[in-house]
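To start, the structure under review is shown below, and the notes come after it.
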Amino acid sequence: MVARHSERSSVAAGYMTIKNTGSTPDRLISGSSDAGSGFQIHEMKMEDGVAKMRPIKEGLEIKPGDTVELKPGSFHIMFVGLKKPLAAGDHINATLVFEKAGTVSVEYEVRAMGAEPGHHGMPGMKM
Ligand SMILES: [Cu+2]
């Protein structure tokens, strides 16, 4: 699990891979973290050549057997209202809330924005 931040920002983006090993669809509906007051599930899309992100109100569905990758330019977690600036190497404890699987605790390691692009060696999360 990796969270990225930019130096003067009060938000950070979280990336991870979620695998649904069950036989029914599940949905990431909310969550929380010890880094700040807000936890949002976002989607990034290109619109007229501009990257725009929006909160996914209905949650992020993961079909049985599917793997959903939260990554730059796509789905991500947005940590907002950060209590203090994050520094590379910091750890964020977060809780993901799934419709069926319930709450799952995860730990994020903070990396600077733009460092190590394209990390795909993240451990999958078993549900
Ligand atoms: Cu976002």
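These numbers come from the heavy atoms of this one structure, side chains and all, not from hydrogens, waters or symmetry mates. Counting starts at 1 for both ligands and their atoms, in listed order.
- Contact annotation: Met44 places no N, O or S atom under 2.8 Å from the Cu ion (ligand 1).
- Linking ILVMFWY residues whenever their side-chain heavy atoms come closer than 4.5 Å, directly or via other members, leaves Leu60 and Ile29 in distinct clusters.
- Within the coordination shell of the Cu ion (ligand 1), defined by N, O or S atoms under 2.8 Å, Gln40 is absent.
- The environment of Lys100 atom NZ is dense: over 12 non-hydrogen atoms of other residues, nucleotides or ligands sit within 6.0 angstrom.
- Centroid-to-centroid, the aromatic rings of Phe79 and Tyr108 come within less than 6.0 Å.
- Residue Ile41 is grouped with residue Val68 when hydrophobic side chains (ILVMFWY) are merged at heavy-atom distances under 4.5 angstrom, including chains of intermediate members.
- If you put the vertex on the Cu ion (ligand 1), ND1 of His42 and SD of Met53 sit 110° apart, to the nearest 10°.
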